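Just so you know, residue 1 is the first one in the sequence shown, and it goes up from there. Model, not experiment: these values are computed from the prediction.
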Amino acid sequence: YEESQGVRVFLGEGFPEPGIHQFSDGFNSCDVIKVTLGPVDCSLPKDAFPSTPLFDGEAIDLVVDGLQVVEVSRHWMPAMQRMTLDIPLHPDRMTREDWEALPGIGASFSKRIVDNRQRNGDFGSLDALKRVRGIGPKKIEKWKKYFL
């Protein structure tokens, strides 16, 4: 039996102690809010509290009005944070800024990657990045340690 290390989540705006925190596997945004803010009614407003479990490397921001949580936003931590924490990246979840965190990627190269994904659809895997002009087996090999 191997014990899970849980998920690392960046708590941002609206949390009393912003930063990276670790939670149990299976925790969703409502669980995290209850643990950090205390009792919260996660049924109102409907759909404000995504019920799917959090993934390692996600981030949560809140909009709080008085004592009422009115909005929850889930997104990915920036690639540099995930790379520092050894949280694997996925080529279909990366922004231009995320691509620029990788060695050998500048602003124009990251734009080319994101534009290719917009025109031709998701990559699905790191190896599929070879369809982008300027990315070959050497670059893929160099980046493997950062991806799933």
Quiz item: Yes or no on side-chain contact (heavy atoms from CB on, under 4.5 Å) for Glu17 and Leu11, after CA distance, side-chain angles and deciding distance?
Solution: CA-CA 8 Å; Glu17 294 184 37; Leu11 304 182; over 6 Å; no
Self-check item: Candidate pair Met83 and Leu89, rule side-chain contact (heavy atoms from CB on, under 4.5 Å), full reasoning
Solution: CA-CA 8 Å; Met83 290 163 56; Leu89 304 175; 3.9 Å; yes
Self-check item: Tyr146 and Ile87: CA distance, side-chain angles, deciding distance, side-chain contact (heavy atoms from CB on, under 4.5 Å) verdict
Solution: CA-CA 8 Å; Tyr146 302 115; Ile87 298 172; over 6 Å; no
Exercise. Before giving the answer on side-chain contact (heavy atoms from CB on, under 4.5 Å), spell out for Val69 and Ile33 the whole-Å C-alpha distance, their side-chain angles and the decisive distance to 0.1 Å.
Key: CA-CA 9 Å; Val69 176; Ile33 292 166; 4.3 Å; yes
Exercise. Could you go through the salt bridge (Lys or Arg N to Asp or Glu O under 4.0 Å) check for Asp56 and Arg82 one step at a time?
Key: CA-CA 9 Å; Asp56 207 18; Arg82 287 181 280 159; over 6 Å; no
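Counting heavy-atom neighbours within 6.0 Å of Arg119 CZ, excluding the residue itself, gives a total above 12. Annotation for Lys111: atom NZ does not count as buried by contact number, only 12 or fewer foreign heavy atoms lying within 6.0 Å.
Of the possible donor and acceptor atoms, none in the side chain of Asn28 sits under 3.5 Å from a partner among the backbone N and O of Thr52. Judged by distance alone, with hydrogens and angles left aside, the side-chain atoms of Arg8 form a donor-acceptor pair with the main-chain N or O of Leu85 at under 3.5 Å. A donor-acceptor contact shorter than 3.5 Å is absent between the side chain of Ser24 and the backbone of Phe27. Although no hydrogens or angles enter the test, the distance criterion places no donor-acceptor pair under 3.5 Å between the side chain of Asp115 and the main chain of Arg112. Looking only at distances, no side-chain donor or acceptor of Trp143 sits under 3.5 Å from a matching main-chain atom of Lys138. No donor-acceptor pair closer than 3.5 Å links the side chain of Asp122 to the backbone N or O of Asp92. Checking side-chain atoms of Asn116 against main-chain N and O of Ile113 turns up no donor-acceptor pair under 3.5 Å.
Between Met77 atom CE and Met80 atom CE the span is 14.0 Å, to the nearest 0.5 Å. With rounding to the nearest 0.5 Å, the separation of CD in Gln81 from CG in Asp98 is 10.0 Å. Atom NE2 in His75 sits 8.5 Å away from atom CD1 in Ile60 (nearest 0.5 Å). One finds the CD atom of Glu97 at 7.5 Å from the OG atom of Ser110 (value rounded to the nearest 0.5 Å). Note that CD of Glu100 is 10.0 Å distant from CE of Met94, once rounded to the nearest 0.5 Å.
In this structure, Trp76 is not a member of the same hydrophobic cluster as Phe15, with clusters built from ILVMFWY side-chain heavy atoms closer than 4.5 Å.
Contact between Phe109 and Gly104 at its shortest, heavy atoms only, is CD1-O, 3.7 Å. Residues Gly12 and Pro18 share a closest heavy-atom pair of O-CB, 4.1 Å. Nearest heavy-atom pair across Ala128 and Phe123 is CB-O, 3.1 Å. The two residues Pro88 and Phe147 come nearest to each other via the heavy atoms CB-C, 3.9 Å. Scanning both residues, Pro16 and Leu37, for their nearest heavy atoms gives CD-CD2, 3.3 Å. Nearest heavy atom pair, residue Pro91 against residue Leu126, reads CG-N, 4.0 Å.
You'll find the side chain of Ile135 reaches within 4.5 Å of the side chain of Ile140, heavy atoms only. Proximity of Phe10 to Glu58: side-chain heavy atoms (C-beta onward) are nowhere separated by under 4.5 Å. Put simply, the side chain of Val7 does not reach to within 4.5 Å of the side chain of Gln22, judged on heavy atoms.
Below 30°, between 30° and 60°, or above 60°: for His21 and Phe23 the angle between ring planes is between 30° and 60°, a tilted geometry.
Here Glu141 pairs with Lys144 in a salt bridge; the nearest charged N to carboxylate O distance falls below 4.0 Å. We find that Asp61 and Arg74 are not joined by a salt bridge, their nearest charged nitrogen and carboxylate oxygen being 4.0 Å or further apart.
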